[in-house]
Amino acid sequence: MISRNPNLIQLSSSYLFPEINRRKQEFLLTHPQASLISLGIGDTTEPIPESIVEGLILASVQLGTRKGYTGYGPEQGMAELRKKIASTIYFNSVQPEEVFVSDGAKCDIGRLQMLFGSQVSIAVQDPAYPVYIEGSLIQGVKKIVFMPCRPENQFFPDLSHLQHTDLIYFCSPNNPTGAAATKKQLEQLVAFAKANRSIIIYDSAYATYIQDPQIPKSIYQIEGAKEVAIEISSFSKMAGFTGVRLGWTVIPEELRYEDGSAVRADWNRITTTLFNGASTISQWGGCAILEEKGMQEIAQLASYYLENAQLLRETFQRLGYEVYGGENAPYLWVRFKGQKSWDLFQHFLENYHIVTTPGSGFGQEGEGFLRFTAFGLRQNIHTILNRLS
Ligand SMILES: *Cc1c(COP(=O)(O)O)cnc(C)c1O
């Protein structure tokens, strides 16, 4: 028999969500009557809005007709959707040819990691969405630099002390901290990447939750970003497409390797080699999202979750908790100084029957924090507020 891929051996066994489940089950064994409410997993809960579902239905019906049937589409995505993403999301500051449609941001992160290979060094925010690190480890990346993001630095890394790396992963609005980087911060980040000849991999999966008009929804709102940044994004949290699966990646033509060749050309090669395109049904759904009606519907969806966040935020503040996020992101990041995340998790489980996510699961800097998601039924949020008060 062959031996295991050594890159996989060094991954810590996926611990966070299985352990949350184990503790949940254990608690339910002794408290079978308890009605647990989960503010744990980052998944949407509201149904997909009407005009978008109509887009999905229409696409499915078409596939059942001789005239409307289509097989494989272009690996890079349907021209119509690429055009709509470029115009509706980026106001034509990027070209449709620079937009690559995917089956989700997470899958594209994995393919980007393959694009850059094992020899690159990377920087990641701490705490962070686990795929940036774990996907890199699977590729065999050896050098990982952590950028602590704490309340004390407004969740933005101190770039004056940051080592040079080839890639910089940056997620804003952030999962798990709920922090959204300001224009000034992003200008610093782009300037840093330029000075160090690094590439920023900017995850904007939560951009639709940004309410503050001063906060950029895309890295390309920063001058010069097209020379240093790739943007990955997704319809998942934007339109409840977590199960439907649809995302995109922007690789600007200006983004070049040291030898002057275009990163975009290599990405096109990876895409055509390893990916056969996102589902055509999903893509027609994506087109429906980007219509005027769809955009209104998803804005309402974001408002609903952000009202949940607001309710939780107000109650937490009233109770004297140290709470961050929830204003431009569907996550609340709550610090309980001097306590351990798993103890806090257990406390909320046993005393309030609420499932949360221990901050330590997102990195060392998450210790002492809990993440609460704002996804969920309003009714459940009210129940939680009653239990806490
Ligand atoms: C949920 C999430 C995504 C979206 O992933 P999909 O594969 O598109 O569902 C991307 N980045 C972050 C940080 C997320 O939390």
Side-chain angles (χ1 to χ4, degrees), residues 14 16-17 38-46 48 52 77 81 85 89 99-114 122-136 147 149 155 167-181 200-210 217-219 229-250 271 274-275 277-279 282-283 285-286 289 298 301-302 305-306 309 325-326 328-333 357 359 361-363 366 371-376:
S14 177
L16 184 62
F17 290 104
S38 177
L39 293 183
I41 292 175
D43 196 357
T44 47
T45 50
E46 286 296 290
I48 296 171
I52 301 166
L81 180 56
I85 292 172
I89 307 280
V99 177
F100 294 79
V101 177
S102 73
D103 51 350
K106 198 193 227 182
C107 324
D108 256 5
I109 293 167
R111 287 186 285 262
L112 276 171
Q113 287 164 337
M114 189 173 310
I122 68 166
V124 289
Q125 288 160 294
D126 183 4
Y129 185 52
V131 192
Y132 311 141
I133 297 171
E134 299 205 329
S136 299
M147 304 184 285
C149 293
F155 298 101
L167 303 179
I168 303 168
Y169 286 88
F170 200 89
C171 176
S172 178
N174 192 268
N175 177 10
T177 66
I200 300 165
I201 299 181
Y202 191 78
D203 186 337
S204 66
Y206 296 96
T208 33
Y209 291 87
I210 295 176
K217 292 188 168 185
S218 161
I219 191 70
I230 289 170
E231 184 161 299
I232 45 178
S233 202
S234 170
F235 291 97
S236 284
K237 316 302 170 20
M238 179 182 181
F241 265 34
T242 48
V244 177
R245 310 303 306 144
L246 194 66
W248 72 88
T249 293
V250 179
T271 303
L274 296 171
F275 185 51
S279 145
S282 308
Q283 293 191 68
I289 294 170
I298 62 163
L301 211 53
Y305 292 130
L306 288 171
N328 297 291
Y331 296 113
L332 294 147
W333 187 239
T357 313
F362 299 99
R371 186 192 74 174
F372 294 80
T373 78
F375 298 125

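When a ligand or atom number is given, it counts from 1 through the structure's own listing order. These numbers come from a predicted model, not from an experiment.
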(request) For Gly104, take its heavy atoms, then give the atoms of ligand 1 lying under 4.0 Å from any of them. (result) 7 (O), 8 (O)

(message) Less than 6.0 angstrom separating the ring centers of Trp248 and Phe235, yes or no?
(response) yes

(request) Give a yes/no verdict on whether any heavy atom in Thr242 is under 4.0 Å from an atom of ligand 1. (result) no

(request) Mark the output for Tyr169 as yes if a heavy-atom distance to ligand 1 is under 4.0 Å, and as no if none is. (result) no

(request) List the closest protein heavy-atom neighbour of atom 7 (O) of ligand 1: residue, atom name, distance to the nearest 0.1 Å. (result) Arg245 NH2, 2.7 Å

(request) Starting from atom 14 (C) of ligand 1, find the nearest protein heavy-atom neighbour and note its residue, name and distance. (result) Lys237 NZ, 3.3 Å

(request) Please report the closest heavy-atom contact between Ser233 and Ala105, naming both atoms and the distance. (result) O-CB, 3.7 Å

(message) Give me the nearest non-hydrogen protein atom to atom 9 (O) of ligand 1 as residue plus atom name, then the distance to 0.1 Å.
(response) Ser236 OG, 2.6 Å

(request) State the atoms of ligand 1, each with its element, that fall below the 4.0 Å cut-off from a heavy-atom position in Ala205. (result) 3 (C), 10 (C), 11 (N)

(message) Under 3.5 Å between any N/O of Asn175 and any N/O of ligand 1: does that happen in this structure?
(response) yes

(message) If we only consider heavy atoms of Gly247, is any one of them less than 4.0 Å away from an atom in ligand 1?
(response) no

(message) So if I count the atoms of ligand 1 from 1 in the order they appear, which ones are less than 4.0 Å from some heavy atom of Asp203?
(response) 10 (C), 11 (N), 12 (C), 13 (C)

(request) Please answer whether the main-chain N or O of Gly376 pairs with a side-chain N or O of Thr45 as donor and acceptor at a distance below 3.5 Å. (result) yes

(message) Just checking Tyr331 against Tyr206, ring centres under 6.0 Å apart?
(response) yes

(request) Enumerate the atoms of ligand 1 whose separation from the nearest heavy atom of Cys171 is less than 4.0 angstrom. (result) 13 (C)

(message) Show the nearest heavy-atom pair for residues Asn175 and Cys171, with the distance to one decimal.
(response) N-SG, 3.8 Å

(request) List the closest protein heavy-atom neighbour of atom 5 (O) of ligand 1: residue, atom name, distance to the nearest 0.1 Å. (result) Lys106 N, 3.7 Å

(message) Pairing donors with acceptors under 3.5 angstrom, does anything connect the side chains of Glu231 and Thr249?
(response) no

(request) Could you list which atoms of ligand 1 come closer than 4.0 Å to a heavy atom of Tyr132? (result) 13 (C)

(message) For the residue pair Arg111 and Phe275, would you count it as a cation-pi contact if the rule is NZ or CZ under 6.0 angstrom from the ring centre and within 45 degrees of the ring axis?
(response) yes

(request) Would you mind telling me which of Tyr202, Tyr132, Tyr129 makes a side-chain contact (heavy atoms from CB on, under 4.5 Å) with Tyr169? (result) Tyr132

(request) Could you tell me whether ligand 1 has any atom less than 4.0 Å away from a heavy atom of Tyr206? (result) yes

(message) Please check this pair: side chain of Ser102 against backbone of Asp108, looking for a donor-acceptor N/O pair closer than 3.5 Å.
(response) no

